[in-house]
Number of protein chains: 2
Amino acid sequence: MLGNQTTPAAFHVSTRGEYGMRLMVDLARHYGGGSVSLHAVAEREELPEAYLEQLVAILRKAGLVLGKRGAGGGYTLAREPAAITAGDVVRALEGPIEPQVCTAEGDPVFNCVREQRCGTRLVWLKLQSTIATALDGMTLAELARQTQQQDVTVAP
Amino acid sequence: MLGNQTTPAAFHVSTRGEYGMRLMVDLARHYGGGSVSLHAVAEREELPEAYLEQLVAILRKAGLVLGKRGAGGGYTLAREPAAITAGDVVRALEGPIEPQVCTAEGDPVFNCVREQRCGTRLVWLKLQSTIATALDGMTLAELARQTQQQDVTVAP
DNA sequence: AGAATTCCGACCATAGTGCTCGGGAATCAA
DNA sequence: TTGATTCCCGAGCACTATGGTCGGAATTCT
């Protein structure tokens, strides 16, 4: 392509985050009811099962889900739904919340020589903390519950 | 690559947004002092001038800057620095703030059939409004001023 | 006229996205 | 023990986005 203007969308969450979140909410809904197979999730959520395998592998390595092999096996949440936040899921699948390398989470990295005269660092810092706070404030329990009842009315 | 785990970073702002924001803050600092050439900006901010041309073209089409050709020409902000927000700049360069297509800005699009039973839509909705509020709350005037004084001390 | 500078569009290399496919290993049931 | 089920693992692949470069036209100032 070229000097393209059609910049698609800012802060877009890829299918990793999207599908992964749906997977986790699905597991939250069935929490306490034994293992859930990826096949079942893929069917309910209408997602490609082979692709979900990749995503759930990441979630397992992040310690968010437990896998059980064999017939009757499947996945379960590693902790109760109220103890897993949207931030946990997003960070596992999409990486650390980090608008810029100089605004990484946790450690205030000072690897940029322009640091002091940088007029834009504040933007990305604020953004980082804002996003993190929002995501860390939502648990899978809430998300699973919110959709039990059908009233998804959000004021703009 | 393959089933890669090294997911780089979530909510990463590309160089379009990064460089563009630095360009705009630079223009804000020189607001009222006539046109500023891209050459000067590129030198001060240590950015590739040819690439900046592309970015500033987008900003001009978005009505955020004005270009003046010829010797002594350059760019100026189209409005006063206090009337341009970080959100304006980011939206122009990176596209609308839209974590998911079903959570586009402005119009609550209902193009998703899963809508009602979708447990994750609330996450992206909240994220969208959170990000937009943060970015729209910062003006170029503030950013330009903040770095005049050297105290960039932000509590984590 | 000549220099400066914006404007415009083509081109290109690399990496990330969004999957598919094949096969191995564990577990359960008949 | 055989087979079905399911997780687990790694390779491959098409497409798009990213992050630029380059050459040249048009405009304006001196």
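The basis for the numbers below is simple: all heavy atoms, side chains too, and nothing from hydrogens, waters or symmetry mates. The structure presented is a predicted model; accordingly, all values stated were derived computationally and were not measured. In the text below, chain A, chain B and the rest are named by the order of the sequence lines, each starting its count at 1.
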Between P of dC22(D) and CD of Gln54(B), the distance in whole Å: 13 Å
Closest non-hydrogen atom pair, Glu142(A) against Gly137(A): OE1-O, 3.7 Å
Distance in angstrom units between Leu23(B) CG and dG20(D) C1', rounded: 16 Å
What's touching nucleotides 5-8 of chain D from the protein side, N or O pairs under 3.5 Å?
from, atom 1, to, atom 2, distance (Å)
dT5(D), O2, Ala71(A), N, 3.0
dT6(D), O4', Gly70(A), O, 3.4
dC7(D), OP1, Leu38(A), N, 2.9
dC8(D), OP2, Arg60(A), NE, 3.1
dC8(D), OP2, Tyr75(A), OH, 2.7
dC8(D), N4, Glu53(A), OE1, 2.8
dC8(D), N4, Glu53(A), OE2, 3.3

Heavy-atom closest pair, residues Thr130(B) and Ala134(A): OG1-CB, 3.9 Å
Spacing between Leu47(B) atom CG and dT18(D) atom P, to the nearest angstrom: 18 Å
Shortest non-hydrogen contact between Leu38(B) and Leu23(B), atoms and distance: CD2-CD1, 4.0 Å
Matching residue for Val90(A) among Thr85(A), Val13(A), Leu135(A) - test: side-chain contact (heavy atoms from CB on, under 4.5 Å): Leu135(A)
Leu55(A) CG - dG10(D) C1' separation (whole Å): 15 Å
Among dA17(D), dC19(C), dC22(D), the one nearest Thr15(A) by side-chain distance: dC19(C)
Salt bridge (charged side-chain N to carboxylate O under 4.0 Å, His left out) contacts touching residues 73-88 of chain B (sequence neighbours left out): Arg79(B)-Asp88(B)
Arg16(A) side-chain N/O to dG18(C) phosphate OP1/OP2 under 4.0 Å: no
Atom-to-atom span, NE2 of His12(A) to C1' of dG18(C) - whole angstrom: 11 Å
Smallest separation among heavy atoms of Arg22(B) and Glu45(B), with atom names: NH2-O, 2.6 Å
d(CG, Leu93(A); P, dG16(C)) in whole Å: 16 Å
Interatomic distance where CD1 belongs to Ile58(B) and C1' belongs to dG19(D) [whole Å]: 12 Å
Whole-Å gap separating P (dC9(D)) and OH (Tyr51(A)): 18 Å
Reported CG-to-CG distance for the pair Leu27(A) and Leu77(A), which is rounded to 0.5 angstrom: 5.0 Å
Ser14(B) vs dA17(D): side-chain N/O to OP1/OP2 distance below 4.0 Å: no
